[in-house]
Structures are given as C-alpha cells and as structure tokens.
Amino acid sequence: MTRRRFWTVTALLACSLLLAAWTVFLLRLGLDRADRASSVASAVLTFVFGAAGVWLASASRPQPSPPEPSGQTQINTAKDQGKVYGVQHGNMIIGDAPRPPDGR
C-alpha cells in the first residue's frame, strides 16, 4: 500500500468515525439541544471550509507572464487580394501609411 493510499484510507476512516460519534452525540442530546448544536457546528464548518476555499483559490491563481520586450517588428504579407488580421502588441495601419523621412 502506498503512502498516499494509506493516508486516504486513514482520513476516510477518521471522518466516518467522527460522523458516527457526532450522530450518537446528537441522539443523546435530544431534539431541541441537537438542533442548536448542529447549527453551531454548521456555522463553524462553513467558516473553516470557506476560508480554506478562499486560501486555495488565491494560492492557485496563475501568475502574470512577464511583458514581451518592445521594439519587435511583426510583418504580415497577403497576396492576391488576401486579408491579414493579426496584430500583436502594436498598431495596425490599413492602406497607405505615412512613411518616416528615413524611408523605413
């Protein structure tokens, strides 16, 4: 038996025993007191599991990727009246773009 399976089976058995003990405890309390005890227990468990859910959600949030270096040029070419739509990180100029004086 692997360690992971051992701890899974142990956790399931422990939870089953706790549930059985809780059931016996509630049966011995009586209806009115058992109702109040269950309300308190559910409020505590809701808080614990809610806090654990928030913590897990914030811990598993993906980290932002680093920005791409600027100054890269993207060249898209279309032939025979084709269309190119693929601009990444920049501006797209359609038609005759004004050229800078150095001729680039």
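These figures come from a predicted structure and were not determined experimentally.
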- Distance col, row L26:CG vs L31:CG, nearest 0.5 angstrom, shows 10.5 Å
- Ignoring hydrogens and geometry, is there a side-chain-to-backbone donor-acceptor pair from S58 to W55 under 3.5 Å? yes
- Message: Walk me through whether F6 and T2 qualify under side-chain contact (heavy atoms from CB on, under 4.5 Å).
- Response: CA-CA 6 Å; F6 170 77; T2 64; over 6 Å; no
- Hey, is CG on L13 packed in by over 12 heavy atoms from elsewhere, all under 6.0 Å? yes
